[in-house]
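Written out below as C-alpha cells is the structure these notes cover.
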Number of protein chains: 4
Amino acid sequence: MTEIILRKQPRQARARASCAAIREAAARILVQGGAGALNTNAVAEVAGVSVGTLYQYYPSKEAILAEMIREMRGAMLADLERARDATEGSDLRATVRLLVAASLDHHRRDPAGAEALERAEAALPMDGETADLKARIGALVIGVLQRHGIAAAAQAAQDLSAMTQGMAQAAVTAGEADFDALAGRISRAAIGYLESGCN
Amino acid sequence: MTEIILRKQPRQARARASCAAIREAAARILVQGGAGALNTNAVAEVAGVSVGTLYQYYPSKEAILAEMIREMRGAMLADLERARDATEGSDLRATVRLLVAASLDHHRRDPAGAEALERAEAALPMDGETADLKARIGALVIGVLQRHGIAAAAQAAQDLSAMTQGMAQAAVTAGEADFDALAGRISRAAIGYLESGCN
Amino acid sequence: MTEIILRKQPRQARARASCAAIREAAARILVQGGAGALNTNAVAEVAGVSVGTLYQYYPSKEAILAEMIREMRGAMLADLERARDATEGSDLRATVRLLVAASLDHHRRDPAGAEALERAEAALPMDGETADLKARIGALVIGVLQRHGIAAAAQAAQDLSAMTQGMAQAAVTAGEADFDALAGRISRAAIGYLESGCN
Amino acid sequence: MTEIILRKQPRQARARASCAAIREAAARILVQGGAGALNTNAVAEVAGVSVGTLYQYYPSKEAILAEMIREMRGAMLADLERARDATEGSDLRATVRLLVAASLDHHRRDPAGAEALERAEAALPMDGETADLKARIGALVIGVLQRHGIAAAAQAAQDLSAMTQGMAQAAVTAGEADFDALAGRISRAAIGYLESGCN
DNA sequence: GATGAATGAGGATTCATTCAT
DNA sequence: AATGAATGAATCCTCATTCAT
C-alpha cells in the first residue's frame, strides 16, 4: 500500500556513503546468515553507523531490502537493454543466447549476493518501483519475442524468466561458477521452448 | 545439525488428530499470510489446540514446516515413481511429458498450499530426511535420463527440476490453473534442453 | 501455609513401589541436572510412571522434594539418636566426635544425593513435619551439650550444625570421599568452639 | 561454557544508572521472594526500565546474578586484603579473628542481601571471573595460614571458608544482627580447628 | 546529521497440573 | 489405579522503531 521509498534523499557525500554502507552490510548479512539474521541493529553495526542513522535514510527494514532489489532489478534491466541493442538483426537463437547471458550478469558480478537477494525477494511484498522495473523487463523480453514472431509472447516471457531464475538459483546454490556454461544450458531450454511451436 | 523430527509419536487417535490439525492450520496460515505470519500461537489457535499441545508434538515452528515439506516431497516422490513405472518402454519425449506432469501433481492437488510451501522451503535449512527424499527424487530422474542415453544426467536432472519448479511457481503466482497447459510448456523446454545435445 | 503431605496413602505394594520410584527418579535428576532440571514430566518418565500416577501420590512437585527431605532428616535424626545413645558416659570430646560422624552418615550413604538434596532444601519453604524433625535434631544436640555443661547450648547447637553442614557441603563438592577425615576436621573445629569458653 | 558477562558496556550516565537499577531491583526481589521470584519481567518492572533495556546489558537472568555475585566476591576480596594487611606481625589468633571479621563485612553491610545472594550462588554455575575471585580469596587465606606454619593450608582454607559461610548463613537466617558476636564464635571454631594439630 | 539508550509488543517455549479415557 | 493428551499461565528473549541528547 504505502510506497516504500527513501525517507530522505542523501545529498551529501557522507550521507551517500552511509546509505551504501548500510546496503552493503545488509547484503553481507543476508549472504552469511540468511533473511532470518537480517535485523536493523545488526545491519547498523556491520555498516558502522548507528540505528538512528539507518532510520534517517530507510524508514523500515523492508525499505533497505526493497532498495537493494530495485538496484539489482535496475541493473538487470540495463544489462538486458544493452543485450537487446546488441542483438539488432540477429536471429532468434542468437538473440536468446545474448539475453539469457545478460540475465545472469548480476549473478556473475556477485553470485552469493544475487542469490540471497532473489531468495529474499520471494518472501517480500513488491513495491511499486520494483513492479515497474519488472514490468519493463517483461516488456523488453516480450518486445524481442514479438519481433521474432513468437505468439503468446507474454506467457513465454514469464516462462523464460522463471526458468532462467530457477535454473540460476539452483546452479549457484550447487556451487557452480561457470556462468557461460549455465547460460548455454538455459539457452537450450529456452530455444527448445520457443521453437516447438507445435506443442 | 539436530534433526527436526517429531518430539513424541502420537499414539492415541486424539493425538493424531491434533497433529494433523496443527499441520493443516500451518498450511492455511502459510497460504494466507506467508511465512512471516506463521507463528506458533497462531497455528495453535487456528488448529484449535493449545500451544502446549503443539509443542508436545513439534519441538519448534520449523519442525512443523519440516514435516509438511517432508510430506510434500514424499508425495512427489511417489508421484514420480508412479509416472516412471508408467513410462516403461516410452521414448524420451513421452517420458519427459509424463514426468513433468507428475512433478506438478502436488500443485494440482493444492496449488496455493504447494506454492506457499515451496516458497517457505527455500528459506529453511534442510533436514536429513528431506535431503534424502530429494536425493531419491534426483536419483529417479537421473536414472530415467540415463536410460535414454542422456549425458551429464545429474546436471540435467538439476536443471530440469529447477526449471520445472521455477515455472510452476511463477505460473501459480500468476493465477494459472490449467496445469496441463503448464506441463506442456515445461515439457517443451525440457525436451529442447535434452535434445539439443549439440549446443 | 497448607501442609504439604501425601495426597493418598499408598496401601498396596505396587503403589509403594511407584512412590519409591518417583523419589529415586527425582533424586537422580537432582544429582545429574540440579534443581533446574527437576520437573514433574521428567521425574515421571525416569520413574517409569505417568504424570497422572505421580500426581496420584504427590500433590505437587514440591511435595516430592519435601518427602525426600523428610526422609533424609528423619534418617539423620535416627543416626544422631543412635550416636547419642552410644555416647552414654563419654566425655565431651568423644561425644562430639561421635555426633559429628553421625551427622555425616547420610552423606556417607549417598554423597551426591545428600549434597543435592541439602542444596535444594535451602531454596524451599520448610514444611511442618520437616521443621519438627529439625527441631528434634536441635533438641537432641542441645540436650547433649547441656548434659556436658555447655552454656548457650541452643546457640551452640545452631552453630555446630551450620558448621558441619557447610564443611560437609564444601568437602563433597570438592570431591572428597574420606568422611572419617572430614569428621575429624569438623570435630576439631567443634571442640575448639565448645572448649574456648573464655572467648 | 559461554562466559556470563555484560553484553554491552554502558557508556552514558543514563545507561550506567539503568544497569545499577537493574541490579538493585534484582537484589530486592531476591531478598523478598527468593530465587524463585526472580524473573526478568519483574526485575525490569521494579527497576523501572523495560525488559528490552535489561537485555541490552544482561544477556540473561543468570548474568544479572553473576554480576551481583562478582561484585560481592570482589568486595569480599578487598575486605580480606585490607584485613590481611592489618595483621602484619600479629599472631595466629589475632589474625584469624581479623580475617573472620572481614569475611563478614559484606553481611554487615547488607545482611539480607548477602544471605540471599549466597543462597542463590549455590544453585548457579560459576562463571570464570567469579572462579578467579574465589581462587584469589582462597590464595589469600592459604598465604596467611602458611605464614603461620599451618600444614595442609589449602584444606584448612576450604574448611574455614565453608565453616564461616555456613555459620553466617544460619545466623542471619535466625535473625541475628550482632556480627561481632558471630565473628567471635566463628573465630573460636577456626582457632580450635587450626590449633588442634594433633588430630 | 548522528548517536545509542530505551521501548514494548510480539513471539517462542516450558512445565505444573488436570481430566477424559 | 494408571495413562498420557491437553491446557495455558508464566517466562524468556528479540528486534523494529523512537527520541532525547
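Below, each value reflects all heavy atoms present in this structure, side chains not excepted, and no hydrogens, waters or symmetry copies. Residue numbering restarts at 1 for every chain, and letters A, B, ... go by the order of the sequence lines.
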Query raised in the report: E:dT13 C1' sits how many Å from B:L54 CG, rounded?
Result: 10 Å
Query - Whether A:K134 side chain and A:R73 backbone form a donor-acceptor pair below 3.5 Å - result: no
Query raised in the report: Is there side-chain contact between D:I69 and D:D127, with at least one heavy-atom pair below 4.5 Å?
Result: no
Query raised in the report: OP1 or OP2 of F:dT3 sitting under 4.0 Å from any side-chain N/O of C:T53?
Result: yes
Requested in this report: Check the side chains of C:R23 and C:Y57 for a donor-acceptor pair under 3.5 angstrom, ignoring hydrogens and angles.
Outcome: no
Query raised in the report: Taking for each residue the nucleotide of DNA chain E with the nearest heavy atom, is it D:R14 or C:V51 whose nucleotide lies nearer the 5' end?
Result: D:R14
Report task. Find out whether D:I64 and D:L38 are in side-chain contact, i.e. whether some heavy atom of one side chain is under 4.5 Å from a heavy atom of the other. Result -> no
Query raised in the report: Which residue lies toward the 5' end of DNA chain F, C:V49 or B:G48, if each is placed at its nearest nucleotide?
Result: C:V49
Query - Residue pair C:D110 / C:L117, side-chain heavy-atom distance below 4.5 Å - result: no
Report summary line: Taking for B:K61 and for B:G52 the nucleotide of DNA chain E with the nearest heavy atom, the one nearer the 5' end belongs to B:K61
**Report entry** Check against salt bridge (charged side-chain N to carboxylate O under 4.0 Å, His left out), C:E115 and C:R119
**Finding:** CA-CA 6 Å; C:E115 194 227 353; C:R119 210 181 276 270; 2.4 Å; yes
Report task. Ignoring backbone atoms, establish whether C:S18 has a side-chain N or O less than 4.0 Å from OP1 or OP2 of F:dA1. Result -> no
**Report entry** d(CD, B:Q56; C1', E:dT18) in whole Å
**Finding:** 13 Å
Report task. In whole angstrom, give the distance that lies between atom CZ of B:R16 and atom P of F:dA6. Result -> 11 Å
Query raised in the report: Looking at C:S50, does any N or O in its side chain come under 4.0 Å of the phosphate oxygens OP1/OP2 on F:dG4?
Result: no
Requested in this report: Enumerate the residues from residues 21-45 of chain C whose closest heavy atom to DNA chain E is under 4.0 Å, giving them by residue number; use none for an empty result.
Outcome: C:L38, C:N39, C:T40, C:N41
Query raised in the report: Does atom CD of A:E45 have more than 12 heavy-atom neighbours, drawn from other residues, nucleotides or ligands, at distances under 6.0 Å?
Result: no
Requested in this report: For the pair A:E121 and A:R70, evaluate salt bridge (charged side-chain N to carboxylate O under 4.0 Å, His left out) and give the outcome as yes or no after the intermediate values.
Outcome: CA-CA 10 Å; A:E121 191 184 12; A:R70 270 198 304 276; over 6 Å; no
Report task. Please list every stem that involves DNA chain E, where a stem is a run of 3 or more consecutive Watson-Crick or G-U wobble pairs with both pairing distances under 3.5 Å. Result -> E:2-21 with F:2-21
Query raised in the report: Looking at C:V43, C:T40, C:V46, which hits side chain to side chain contact (heavy atoms under 4.5 Å, CB included) with C:I22?
Result: C:V43
Query raised in the report: Expressed in angstrom and rounded to an integer, what is the separation of C:E62 atom CD from E:dC15 atom P?
Result: 14 Å
**Report entry** Contact under 4.0 Å: D:Y55 side-chain N or O vs F:dT14 OP1/OP2
**Finding:** no
